[in-house]
Amino acid sequence: WDTDCNSGNVGCLMGIRGGLDAIDAGPDWRTPVADRIYLPTADAGSAITDVASEAMQLAGMGRRLLGESPVSFKSGARFHFELPGSVQGFRCEATREVDGTCRVENVVGHSRSGKRSLALHYQGLATGRAARAATGTFVESKDTARYFEQRGYALMASPTLYPGQVAQARVSADAGDPTSVGVNLYIHVYDENDELSLVRGPVQSLAPGEDTDLEWRIPDTEGYPIAEIGIEARGEQAARGTVYLDYLTWRGTPQVRFTKTTSGTMWGRAWINAVDQYHPRYPEPFRLIQNTGTGLLIGGSREWRDYRVSADVTIHMAAASGIAARVQGMRRYYALLLCSDAQARLVKVHDTVIELGCVEFASQLGETHDLALEVRGDHIEGFIDGTSRIRITDGKDPLDCGGIALVIEAGRTATQAIEVTPI
């Protein structure tokens, strides 16, 4: 589970020295790991990742330092499979319902704009028995989350995929397949019991040798996090063949409301907890306590750009409390804050705190106020109780993307619901 040790560092250096041929010459470490990485970070949405994505990020940093443009594949698709052998987190589902019906591998060809694709070889399909392969968008199970917590090393992560975003993929059927096959995207979503529930996208039939584009707007999940996204193949009795996934990606700002509606814990784990105390089981779904300094409860993803985030905020003896947008970690975000000196402030935190606007606004102990923050290009606007209070244009190195956060400075605050909508 961990790589900050001598063996992990030596293994990395030996892998660089010997290359893929040396790695593949020994025991098969690549298949069970499937390129998956959990990356601890306060940059929400970046914790669930894969080897290929991180390799491209690091290479891109090097190219920028040299004054060159980063390389991207297939119009910047999140999962492109262009690195040899890389499956980018995709593994076949091993539940009793579908175990043994598929195998995935990175293959040459079957791509419209690249050189490689992911092959899903299926067999033994029947009514109620499909082939499914998916990649993670959040912590893979409640057991994995608890494993870390029991060892005093909680895995903090926000999902990478949310309701309202549009998933896109290109798939094709092998020309040698004996029959047509039905294909669709699907997601697994945590439910009120922290179990995974299957939600399918529209099904399209593929004849042998045929290809098609899949597009699916992710439906409302009632605030529960999406654990993974994948591709499913369904066919006739004992059908076998191969479906090729050219790429999978998603786009757009989500439309989602976060709150606690029933039992379960995974909805409360879907946040980067950077406050002294976070209590998702109190009467308020989001109760935050910060003893000194500023704390954030962060969610969302770097892919979010223009949107409106809103939340009710009840302050209890805090120096400041509010909401943040375009959050890129602990030291980069915009925030609308209600402050104890009877001021409402719009600030930009970019390593240092920069006050962008300020108006008089007195908030009494225990009062609840509805805050909203709209970010569109370099235009930032803050609303309090439905009224626009601060409106600015950030013309100096603006933050152009990032997730959301609740913000608390030296005190306590409570929130019933947080909502994100496109603008």
Side-chain angles (χ1 to χ4, degrees), residues 38-48 136-164 187-197 199 218 220-228 254-291 295-301 304 309-314 316 318 321-324 327 329-330 368 403-408 411-420:
Y38 288 155
L39 179 64
T41 174
D43 190 354
S46 298
I48 308 300
T137 57
F138 186 46
V139 183
E140 62 185 14
S141 71
K142 62 181 180 182
D143 294 329
T144 298
R146 290 171 181 170
Y147 173 91
F148 286 105
E149 287 183 355
Q150 290 168 358
R151 286 154 179 79
Y153 190 77
L155 172 64
M156 295 184 191
S158 291
T160 58
L161 177 64
Y162 292 84
I187 55 175
H188 270 129
V189 182
Y190 283 104
D191 61 17
E192 65 273 13
N193 299 313
D194 290 341
E195 301 296 336
L196 294 177
S197 176
V199 180
I218 305 300
D220 181 25
T221 63
E222 298 182 353
Y224 291 109
I226 299 169
E228 60 182 9
Q255 181 149 1
V256 60
R257 186 174 187 268
F258 302 103
T259 189
K260 182 181 179 181
T261 55
T262 57
S263 59
T265 64
M266 295 307 289
W267 69 270
R269 300 176 193 263
W271 299 84
I272 305 298
N273 177 7
V275 296
D276 288 331
Q277 295 183 54
Y278 164 43
H279 299 284
R281 295 182 181 90
Y282 268 83
E284 310 94 348
F286 304 98
R287 175 175 286 199
L288 312 181
I289 300 173
Q290 186 71 14
N291 297 325
L296 283 79
L297 186 72
I298 308 171
S301 172
W304 300 8
V309 55
S310 57
D312 59 283
V313 175
T314 303
H316 183 86
S321 183
I323 58 176
V327 182
M330 294 296 295
T368 299
I404 61 172
L406 295 175
V407 186
I408 175 66
R412 193 187 84 185
T413 186
T415 292
Q416 294 289 343
I418 309 165
E419 191 167 357
V420 180

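Throughout, residue positions are numbered sequentially from 1 according to the sequence presented.
- Rounding to the nearest 0.5 angstrom, the gap separating the CD1 atom in I408 from the NE2 atom in H316 is 10.5 Å.
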Exercise for the section: Apply the test side chain to side chain contact (heavy atoms under 4.5 Å, CB included) to residues V309 and I418: give CA-CA distance (whole Å), side-chain angles for both, the deciding distance (0.1 Å), then the verdict. Expected result: CA-CA 7 Å; V309 55; I418 309 165; 4.0 Å; yes
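- By the 4.5 Å heavy-atom criterion applied to side chains, P159 and L161 are not counted as neighbours.
- With respect to W267, the side-chain contact (heavy atoms from CB on, under 4.5 Å) criterion is satisfied by exactly one of K260, E192, E222: K260.
- Inspection of the D194 and T265 side chains reveals an N or O donor paired with an N or O acceptor under 3.5 Å.
- Minimum interatomic distance between Y162 and I218 (heavy atoms only, all atoms of both residues): O-CB, 3.8 Å.
- Under a 3.5 Å cut-off, the side chain of T413 and the backbone N or O of T314 do form a donor-acceptor pair.
- Checked by atom type and distance alone, the side chain of D276 pairs as donor or acceptor with a backbone atom of N291 at under 3.5 Å.
- Once rounded to the nearest 0.5 Å, the distance linking CE of M266 with OG of S141 reads 7.5 Å.
- A side-chain donor-acceptor contact under 3.5 Å links T259 to the backbone of Q416.
- Under the 4.0 Å criterion applied to side-chain N and carboxylate O atoms, R412 and E284 are not assigned as salt-bridge partners.
- Below 30°, between 30° and 60°, or above 60°: for F258 and W271 the angle between ring planes is above 60°, a perpendicular geometry.
- Put simply, CZ on F286 and CG on L297 are 7.0 Å apart, with the number rounded to the nearest 0.5 Å.
- Counting all heavy atoms, side chain and backbone alike, T221 lies closest to P163 at OG1-CG, 3.5 Å.
- Atoms CG and CG, on L288 and L406 in that order, are 5.5 Å from each other to the nearest 0.5 Å.
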Practice task
For the pair D191 and Y224, evaluate side chain to side chain contact (heavy atoms under 4.5 Å, CB included) and give the outcome as yes or no after the intermediate values.
Solution key: CA-CA 7 Å; D191 61 17; Y224 291 109; 5.8 Å; no
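- Taking CG of L196 as the reference point, atom CD1 of I187 lies at 11.0 Å (rounded to 0.5 Å).
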Practice task
Please step through side chain to side chain contact (heavy atoms under 4.5 Å, CB included) for the pair I298 and I404, ending with a clear verdict.
Solution key: CA-CA 6 Å; I298 308 171; I404 61 172; over 6 Å; no
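- A pairwise comparison of heavy atoms in E140 and Y190 identifies C-OH, 3.1 Å as the closest pair.
- Of the inter-residue distances, the one linking D143 atom CG with Q150 atom CD reads 9.0 Å to the nearest 0.5 angstrom.
- T415 places no side-chain N or O within 3.5 Å of a backbone atom of A417 that could act as its donor or acceptor partner.
- Judged by distance alone, with hydrogens and angles left aside, the side-chain atoms of N193 form no donor-acceptor pair with the main-chain N or O of E195 at under 3.5 Å.
- When every heavy atom of A44 is checked against every heavy atom of S158, the shortest pair comes out as CB-OG, 3.9 Å.
- Checked by atom type and distance alone, the side chain of S301 never pairs as donor or acceptor with a backbone atom of W304 at under 3.5 Å.
- Under a 3.5 Å cut-off, the side chain of N273 and the backbone N or O of V275 do form a donor-acceptor pair.
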Exercise for the section: Check the pair T368 / V313 against side chain to side chain contact (heavy atoms under 4.5 Å, CB included), numbers first and verdict last. Expected result: CA-CA 5 Å; T368 299; V313 175; over 6 Å; no
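- Remark: the backbone N or O of I226 is paired with a side-chain donor or acceptor of T137 at under 3.5 angstrom.
- The minimum heavy-atom distance linking M330 with A274 is given by the pair SD-CB, 3.4 Å.
- Among all heavy-atom pairs drawn from V327 and A324, the shortest one is CG2-CB, 3.7 Å.
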